[in-house]
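Residue numbers begin at 1 in each chain, while the letters A, B, ... track the order of the sequences. These values consider heavy atoms only, across backbone and side chains, with no hydrogens, waters or symmetry-generated copies.
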Protein chains: 2
Amino acid sequence: MSDERHLNALRLLEEKPEMTQRELAAALGVSVGAANYCLKALVEKGWVKLENFQRSKTKARYLYVLTPSGLAGKARLTTAFLKRKLQEHERLSAEIRLLQEEAQRSNL
Amino acid sequence: MSDERHLNALRLLEEKPEMTQRELAAALGVSVGAANYCLKALVEKGWVKLENFQRSKTKARYLYVLTPSGLAGKARLTTAFLKRKLQEHERLSAEIRLLQEEAQRSNL
DNA sequence: ACCCTTGCGTTCAATGGCTGAACGCGTATG
DNA sequence: CATACGCGTTCAGCCATTGAACGCAAGGGT
């Protein structure tokens, strides 16, 4: 389930690898710590590689680059989520109908 | 939002107050401990009242009865969720479109 | 009567994910 | 040079959740 977080991060980073952890956090709607946590997981899986950016050898700033297996993983997650989301979409339609009935029955 | 959990519990209990915590847990798709946790919160809010079944022929110990403020709370949650779910439904449609594009772009 | 199974609610340690606030360290700006 | 800023990192604390126990009561079988 936290795969959704990972997929979203991958999407953002693929499009803009020079993103800051704070930017990423904001885009994901979570705290900086959470973004870092997520990023660390992606790096440990070998899906994202840290490259130094800004010519100093320090780790002041990174590029977060998707590795080949990161791209593959992203593709896999994408199809998996597409499937899930379609189901969820259907479920949601049913639930909305139900809620509307119930709201009406309670005179709202 | 754990309010969704609460709303679902309220719906189930209104329809069937003689429900067991284990039945409730199964219906909610969570563990027994979680159902208990949820139930306790509802009781502390005064939305659900425990009534005992003395010498009933069922094996349940309690009836989980919605109080008047429980009913009001449920109605409030229902409209709030209806609104949220409609938004989510729309968001989901957009996301699905996006995922489909992306899946295609990756030749899946 | 007796045990023994079953079903009930309750409890708790452990886990995982998250927040918010710090921290140290480079770098840009004055 | 100083100092404010932006970066990644870390951590205590919180909260929801799980899974496994627990004690208790009721029934059934022998």
Euclidean distance, atom OH of residue B:Tyr62 to atom C1' of D:dA25 [Å, nearest integer]: 12 Å
When you check the phosphate oxygens OP1 and OP2 of C:dC18, does a side-chain N or O of A:Arg5 lie under 4.0 Å from one of them? yes
Any donor-acceptor pair under 3.5 Å linking the side-chain atoms of B:Tyr64 with those of B:Glu51? no
Can you sort out which residues in residues 30-49 of chain A have a heavy atom within less than 4.0 Å of DNA chain D? Ascending by number, please. A:Val32, A:Gly33, A:Asn36, A:Lys40
Euclidean distance, atom CG of residue B:Leu28 to atom C1' of D:dT17 [Å, nearest integer]: 13 Å
For A:Ser93, give me all partners under side chain to side chain donor-acceptor pair (under 3.5 Å), at least two apart in sequence or on another chain. B:His89
Please give, in whole Å, the distance from D:dG8 C1' to A:Leu50 CG? 10 Å
Tell me the interatomic distance from A:Met19, atom CE, to D:dG8, atom P, rounded to whole angstroms. 11 Å
Would you list the atom pairs, donor with acceptor, under 3.5 Å between side chains in residues 26-34 of chain B and any protein atom, with sequence neighbours excluded?
unit_1: B:Ser31; atom_1: OG; unit_2: B:Ala34; atom_2: N; d: 3.2

Side chain to side chain donor-acceptor pair (under 3.5 Å) against B:Arg91, all qualifying residues, sequence neighbours excluded: B:Glu95
Interatomic distance where CG belongs to A:Leu24 and C1' belongs to D:dG6 [whole Å]: 16 Å
Euclidean distance, atom CD of residue B:Glu18 to atom C1' of C:dG9 [Å, nearest integer]: 17 Å
So for B:Arg22 and C:dG9, does any side-chain atom that can act as donor or acceptor lie under 3.5 Å from a complementary atom in the base? yes
Can you pull the side-chain hydrogen bond (donor to acceptor under 3.5 Å, both in side chains) pairs that have at least one residue in residues 4-14 of chain A, sequence neighbours excluded? A:Glu4-A:Lys85, A:Asn8-A:Arg11, A:Glu14-A:Lys74
Would you mind reading off the distance between A:Arg61 atom CZ and D:dG6 atom P, rounded to a whole angstrom? 12 Å
Choosing from C:dT10, D:dG8, D:dC24, which nucleotide comes nearest the side chain of B:Gln21? C:dT10
Applying salt bridge (charged side-chain N to carboxylate O under 4.0 Å, His left out), can you list everything that pairs with B:Lys16, at least two apart in sequence or on another chain? B:Glu23
